[in-house]
Participant: 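Before we start, here is the structure in question, set down as structure tokens.
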2 protein chains.
Amino acid sequence: MKDKIRESKILEVRGTRRKALKDLLARESPVTIFLNDVDLVTLLCTPCDLENLAVGFLFSEGLLKGPQDIKKVFADKRDGAVWIETYAGKRPSRKAISKRLITTGCGKRLSFADMGKGLRKLDRDGRPKLSPDYVAEVMKRFQRASNAYLLTGGVHSAALADERGTLYFGEDIGRHNAADKVIGQCLIDRGDLEKLVLITSGRISSDILAKAARGRIPVIMSRAAPTDLAVRLARALNITLIGFARGHGMNIYSGEWRVTIQGPGRERKHS
Amino acid sequence: MKDKIRESKILEVRGTRRKALKDLLARESPVTIFLNDVDLVTLLCTPCDLENLAVGFLFSEGLLKGPQDIKKVFADKRDGAVWIETYAGKRPSRKAISKRLITTGCGKRLSFADMGKGLRKLDRDGRPKLSPDYVAEVMKRFQRASNAYLLTGGVHSAALADERGTLYFGEDIGRHNAADKVIGQCLIDRGDLEKLVLITSGRISSDILAKAARGRIPVIMSRAAPTDLAVRLARALNITLIGFARGHGMNIYSGEWRVTIQGPGRERKHS
């Protein structure tokens, strides 16, 4: 837990009462990812599960195709660094990643088509199929799982679940990093992303949706809101996007065919 | 409002009831910033107040010193582009910005000292001085100000306030962009950031703190949590950092001397 949380003196003000006390803060540290000895990127993150973070990040950025590419991963928490060696050993261009993250780099504006580039449409058939009860149950457990959030109010979390329940769980001050951590962990375990559900504590924007799409993860869900661009991408790629999953309610924005109808709801028309 | 919100068909599930309806989503669009005809960066943002966004972003990144540098700003909403010309007319290196945003680019890991680089310590004296009542009142108004949030649940907001109340207000799907929008607007108006309070709806991480520091904004506050790194930076730079500002309570993490003591609290010891 000490990777995630740090004690700090604060002054608590409640009405006219002031009290000096110690409180717990979410830790944030710069961590540099070295790919084949090139220092590619420095992420501001919660300094835990750094191997997972690095593998997930490189995969999301298209710099790793999968676990079969990885020769070695080594993280030095104290130094805030992760080294990854691939079998191919190719030294990446730092330019490639900055383009990918923040600019098209081609003298043009980014279009909707650009955003979906390299992302293939998913099959409409196949697993998983989810019931509303499953969504409610998985989300309830997810909400309670983050001790770091309960203690600090300052971290996001992400999880990967199959039809039976949660397989991987990650925490980070950044919602992108938290998603990369669970995706990275699944890849290191040589798990099959293509049958899983990605759960995030944060809003679903296009870049989070793109992480699911890159991993061919067919379902993404959150208790928070999606953006219109994430919804458009999800529809174009046949990804099921569920937002505002709270209690026994949810909004399905895309790919509702993966959510099975149960109980009396089946018979009812749109009421 | 149509820049911020888009209508979309959704399937609402409540228990066993399913209902197809139209809901409102927060808009997200790629917007490219051209500085002296170089396409510097593409941001995913809420496509409103693009001039403010571009000016605030370039200022936060150290690519604009202030409003006196700006010859012309022109935004094309439909094309998702903002052009900024400076009097110096220097074409920026795209490399500079990618380094700044995501990597040290010097073969080393980023240190705490690196993060504060170029950021000068603020004076402990001077304005603003805030009372707990002021904080409560400004935060109450801030919470109610974002129509886009009330309608979609999917946007962040930021504001700049002086001792009398809010001067600038901005909304964006990204908390960084929302802060850049209000900072940019203040710069375009040739306002004085050095006496203002930056309010954000999001968590205060080191990169948001650095935006305040770059503008020499002495106070930053949020109803959400800060990270430990943001608190360390705030202390090193004499910035007042207030988190969990809710109702008549708040936690002061740094620079408590800018918050005046009122009422019976003055006489009380830490109880």
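Chain naming here is simple, since letters A, B, ... match the order of the sequence lines and numbering starts at 1 in each. Just so it is clear, the model here is predicted, and its values are computed rather than measured.
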Participant: Would you check, one step at a time, whether the test side chain to side chain contact (heavy atoms under 4.5 Å, CB included) holds for A:Lys9 with B:Ser254?
Facilitator: CA-CA 9 Å; A:Lys9 283 185 197 168; B:Ser254 168; over 6 Å; no

Participant: Given that the side chain runs from C-beta out, which part of A:Arg6 has a heavy atom under 4.5 Å from chain B: side chain, backbone, both or neither?
Facilitator: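 It is the side chain, since no backbone atom gets that close.
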
Participant: Quick one: are A:Asp23 and B:Asn251 in side-chain contact, heavy atoms under 4.5 Å?
Facilitator: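 SC-SC contact between A:Asp23 and B:Asn251 confirmed.
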
Participant: Please name the pair of heavy atoms, one in B:Ser206 and one in A:Glu28, separated by the smallest distance, quoted to 0.1 Å.
Facilitator: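 The pair with the smallest heavy-atom distance is OG-OE2, 2.8 Å.
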
Participant: So do A:Leu229 and B:Leu44 actually touch side chain to side chain, heavy atoms under 4.5 Å?
Facilitator: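 When only atoms from C-beta onward are counted, A:Leu229 and B:Leu44 do touch, with a gap below 4.5 Å.
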
Participant: Scan for side chain to side chain donor-acceptor pair (under 3.5 Å) pairs involving residues 239-248 of chain A, sequence neighbours excluded, and state none if there are none.
Facilitator: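 Matches after skipping sequence neighbours: A:Thr240-A:Arg258.
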
Participant: Checking heavy atoms, do the side chain of A:Ser205, its backbone, both or neither come under 4.5 Å from chain B?
Facilitator: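 Contact with chain B is through both the backbone and side chain of A:Ser205.
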
Participant: Side chains of B:Val13 and A:Ile252: does their closest heavy-atom pair fall under 4.5 Å?
Facilitator: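 Yes, close enough: below the 4.5 Å cut-off.
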
Participant: Taking side-chain contact (heavy atoms from CB on, under 4.5 Å) as the test, write out the residues that go with B:Asp76, two or more places apart.
Facilitator: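 B:Asp76: side-chain contact (heavy atoms from CB on, under 4.5 Å) contacts with B:Phe74, B:Arg78, B:Asp79, B:Trp83.
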
Participant: Can you tell which part of A:Val259 gets under 4.5 Å to a heavy atom of chain B, answering side chain, backbone, both or neither?
Facilitator: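 Answer is both: backbone and side chain atoms of A:Val259 are under 4.5 Å from chain B.
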
Participant: Which region of A:Arg203, side chain (C-beta onward) or backbone (N, CA, C, O), has a non-hydrogen atom less than 4.5 Å from a non-hydrogen atom of chain B, or is it both or neither?
Facilitator: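 For A:Arg203, side-chain heavy atoms alone lie under 4.5 Å from chain B.
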
Participant: Side-chain contact test, heavy atoms from C-beta onward, threshold under 4.5 Å: evaluate it for A:Asp228 versus B:Ser8 and give yes or no.
Facilitator: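 No, every pair of side-chain atoms sits at 4.5 Å or beyond.
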
Participant: Any chance you could measure A:Glu12, atom CD, to B:Met250, atom CE, to the nearest 0.5 Å?
Facilitator: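 Result: 11.0 Å between the selected atoms.
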
